[in-house]
Amino acid sequence: MAEKYAEPLAVSFYARDPVSVARDLLGTVLVRRDRVGVRAARIVEVEAYLANNDPASHSHRGLTRRNASMFEQAGLAYVYTIHAKFCLNVVTESQGVGSAVLIRAAQPLEGVARMEMLRNTTHERQLCSGPAKLCGAFELDLAWDGWDLTRGERLWIAAGQSVEAANIVASPRIGIRQNAEAPLRFCVRDSRFLSRRATRRPNG
DNA sequence: AAAACGATCTACT
DNA sequence: GTAGATCGTTTTG
């Protein structure tokens, strides 16, 4: 029998508009394998950052050293620091286009004991319920910026159980994006593993 | 060279 | 709910 989660999502999955990629990432599985073992978590919350007309996107004011990966080929990781922590994005669309999807929260599946050590808590809910928490549980830092997620080595995203449209909801909009025409943040209806921000009431 | 900022988290009430 | 921590990146002088 084939190893679970062995098959990575292909470049064609990522090389689409970031909103579609974001929605389709719900239910897929982030996997990291190293000498110690395997860690896996089901993605339950995402956020798209557009190449155009999106002031909240790191790419909005053009190419810089930090956001260079956003302009690379689809399927690469874009990892950046924020408040002395890290966040993981997947790059979308074609090379030269600065768009990506932020992985905001996930449901731990494998390697939970190790995540508990790294996050210094045994509360399942607290392991990956936020973009920086997730990077903590998976030990992702700037060294992973630009990593090719489509090769299925060390760090990748595998297809999971698809999420029915009825079980996908738009996450509350915040700040400058409250007036965005289309939803950019998505999460599953089951709120057990979502970030605190996603579980806040919309409109508020 | 200095300052401001931030796609966040934790602790606390 | 809100305040404060925290530090690399970007912007400004």
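When reading the values below, keep in mind they use all heavy atoms of this one structure, side chains included, and skip hydrogens, waters and symmetry mates. Below, chain A is the first sequence line, B the second, and so on; all start at residue 1.
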Looking at A/N67 and A/G62, would you say the former's side chain and the latter's main chain have a donor-acceptor pair under 3.5 Å? yes
Considering residues at least two apart in sequence or located in another chain, which fulfil the side-chain hydrogen bond (donor to acceptor under 3.5 Å, both in side chains) criterion with A/S57? A/S59
Partner set under salt bridge (charged side-chain N to carboxylate O under 4.0 Å, His left out) for A/D148, not counting sequence neighbours: none
What would the secondary structure line of DNA chain B be in dot-bracket form, counting Watson-Crick and G-U wobble pairs under 3.5 Å, with [ ] for pairs that cross earlier ones and | for pairs with another strand? ||||||.|||||.
Measuring only between side-chain heavy atoms, which start at C-beta, is A/V46 closer than 4.5 Å to A/V90? no
Protein-nucleotides 8-10 of chain B N/O pairs closer than 3.5 Å?
{"residue": "B/dT8", "atom": "OP1", "partner": "A/R104", "partner atom": "NH1", "Å": "3.4"}
{"residue": "B/dT8", "atom": "OP2", "partner": "A/R197", "partner atom": "NH1", "Å": "2.7"}
{"residue": "B/dC9", "atom": "OP1", "partner": "A/P131", "partner atom": "N", "Å": "3.3"}
{"residue": "B/dC9", "atom": "OP1", "partner": "A/A132", "partner atom": "N", "Å": "3.0"}
{"residue": "B/dC9", "atom": "OP1", "partner": "A/K133", "partner atom": "N", "Å": "3.2"}
{"residue": "B/dT10", "atom": "OP1", "partner": "A/R119", "partner atom": "NH1", "Å": "3.0"}
{"residue": "B/dT10", "atom": "OP1", "partner": "A/R119", "partner atom": "NH2", "Å": "2.7"}

Side-chain donor-acceptor distances from residues 71-88 of chain A under 3.5 Å, at least two apart:
{"residue": "A/E72", "atom": "OE1", "partner": "A/Q95", "partner atom": "NE2", "Å": "2.9"}
{"residue": "A/Y78", "atom": "OH", "partner": "A/H58", "partner atom": "ND1", "Å": "2.8"}

From A/R16 atom CZ to A/S99 atom OG, the distance as rounded to the nearest 0.5 Å: 11.5 Å
Any side-chain donor near an acceptor of the partner, A/Q126 and A/T121, under 3.5 Å: no
Euclidean distance, atom CG of residue A/L184 to atom C1' of B/dA7 [Å, nearest integer]: 12 Å
So which protein N/O to nucleotides 9-13 of chain C N/O distances come out below 3.5 Å?
{"residue": "C/dT10", "atom": "OP1", "partner": "A/T64", "partner atom": "OG1", "Å": "2.4"}
{"residue": "C/dT10", "atom": "OP1", "partner": "A/R66", "partner atom": "N", "Å": "2.8"}

With no hydrogens and no angle check, is any side-chain donor or acceptor of A/R185 less than 3.5 Å from a backbone partner on A/R104? no
Within a strict 4.5 Å, meaning less than it, do heavy atoms of the A/L127 and A/R39 side chains meet? no
Axial cation check for A/Y49 ring with A/R177, 6.0 Å and 45° limits: yes
